[in-house]
Amino acid sequence: MKAKLLTIAALCASVCLADAPKAEWVNIGSNSGKFGFDWDMVGAKGLNLACCPQGMRKGFARLKQHRAEIADGAWVIIPLCPFTSVVPPSYDDRPSAETNPLLAYDGEPTEAELVKFRDMLDACWKREFSIKDFGDPMTPTNRASYKLMLGTTRDFLAWCKAEKLKPVFVYPPAAKCFDTLFPDSFMKAYVYDFLKDLDAKDVPFIDYWKDPAFRENRLWATSLFLNKTGRKLFTERVMKDIKKL
């Protein structure tokens, strides 16, 4: 009897899922995705699959797991972070958190608080990726991870197209205090060259890294994570820009 009840419950859940409106917008990503998009706030049929930490591999796996909830023709937003291109496979073995207490924050941090968070990330990234100076050439270890990520991302894009999903790369903004952290040579090597080497000319890329619309401190929870007001503004902006494509 218990087995029959479980079977009926599973069938009901399946029917409910089939009848539910499917997502027309979906994003993956680590904190850049979790703090970048809020589909409910803008009244969109969207699905935020970001969790922290989440590299491209884990994002790809989560998208597959939730495919039944996503409409054919939906836009799949792939947020890029400064180190997306060199995240090793071991990164995605770490436990992930679905939520973060800061997601409810809608205040305005002080400039000192924004700079302190930036400096903390500066030290963490240099330690994690064995970088002394962000202007230095990419290390052999990071270069090896870069090549692996190219393969992973190509597979990801191919799967999206086979599933009738429309991928788009988005580079989220950062607070103004981030402007001095990465030299142009770093952004070229870790971000723009990565997109060039992917050779995915049919996949759009929208760059908001230093977008003037997101310069005000009132939009941030930390110097890299948007607060609720900033998240709503960014989600609306991305939707508007993608609809123009």
Side-chain angles (χ1 to χ4, degrees), residues 23 25-56 58-60 62-63 66 75-85 87 91-92 94-125 128 168-179 181-182 190-191 205-242:
W25 302 86
V26 59
N27 69 275
I28 59 170
S30 197
N31 276 323
S32 58
K34 183 58 72 176
F35 284 86
F37 302 96
D38 192 318
W39 305 110
D40 290 338
M41 272 204 295
V42 300
K45 295 176 183 176
L47 190 60
N48 190 329
L49 297 180
C51 57
C52 183
Q54 183 191 101
M56 193 76 74
K58 187 176 287 186
F60 188 11
R62 296 205 77 198
L63 192 67
H66 290 266
W75 285 102
V76 175
I77 298 171
I78 308 168
L80 298 176
C81 304
F83 297 93
T84 295
S85 64
V87 169
Y91 183 85
D92 284 325
R94 303 176 186 180
S96 292
E98 294 285 342
T99 60
N100 185 309
L102 272 176
L103 285 167
Y105 179 75
D106 204 27
E108 179 176 344
T110 66
E111 184 68 22
E113 289 171 331
L114 292 172
V115 171
K116 182 178 180 180
F117 188 83
R118 179 206 63 189
D119 291 347
M120 182 271 290
L121 288 180
D122 179 0
C124 287
W125 284 332
E128 182 168 9
V168 54
F169 290 108
V170 167
Y171 204 107
K176 189 171 176 57
C177 67
F178 254 97
D179 287 359
L181 187 62
F182 299 121
Y190 285 78
V191 182
F205 168 55
I206 311 177
D207 189 352
Y208 298 98
W209 182 243
K210 294 183 180 180
D211 193 297
F214 303 97
R215 303 273 80 182
E216 297 180 57
N217 291 352
R218 68 179 182 85
L219 300 176
W220 297 94
T222 72
S223 47
L224 200 58
F225 306 160
L226 290 160
N227 63 19
K228 289 181 68 175
T229 297
R231 218 154 45 242
K232 183 176 185 292
L233 181 66
F234 183 58
T235 304
E236 290 173 336
R237 171 69 181 281
V238 171
M239 290 179 68
K240 179 181 177 181
D241 290 345
I242 287 178

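Quick note: residue numbers are just sequence positions, from 1.
Residues A104 and K228 approach most closely at O-CD, 3.5 Å, considering heavy atoms. Residues S85 and Y190 share a closest heavy-atom pair of OG-O, 2.8 Å. Minimum heavy-atom separation, R231 to M41: CB-CE, 4.2 Å.
No salt bridge links K240 with E236; every basic N to acidic carboxylate O contact stays at or beyond 4.0 Å.
Taking the side-chain hydrogen bond (donor to acceptor under 3.5 Å, both in side chains) definition, one finds that R62 meets it with E98, sequence neighbours left out. With sequence neighbours excluded, no residue forms a ring pair (Phe, Tyr, Trp, His ring centres under 6.0 Å) with Y105. Remark: D40 pairs with D38 by the side-chain contact (heavy atoms from CB on, under 4.5 Å) rule, at least two apart or across chains. With sequence neighbours left out, W39 forms a side-chain hydrogen bond (donor to acceptor under 3.5 Å, both in side chains) with N27. For K176, the salt bridge (charged side-chain N to carboxylate O under 4.0 Å, His left out) partners two or more places apart in sequence, or in a different chain, are D179. Not counting sequence neighbours, the partners of F182 by the ring pair (Phe, Tyr, Trp, His ring centres under 6.0 Å) test are W125, F134, F186.
Taking the six-membered ring for Trp and thresholds of 30 and 60 degrees, W25 and W75 have nearly parallel ring planes, at less than 30 degrees apart.
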Task: Worked verdict on I206 versus I242 for side chain to side chain contact (heavy atoms under 4.5 Å, CB included) - done: CA-CA 9 Å; I206 311 177; I242 287 178; 3.9 Å; yes
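Residue F225 is tested with F214, F234, F178, F117 for a ring-ring contact (aromatic ring centres under 6.0 Å, His included); the sole match is F117.
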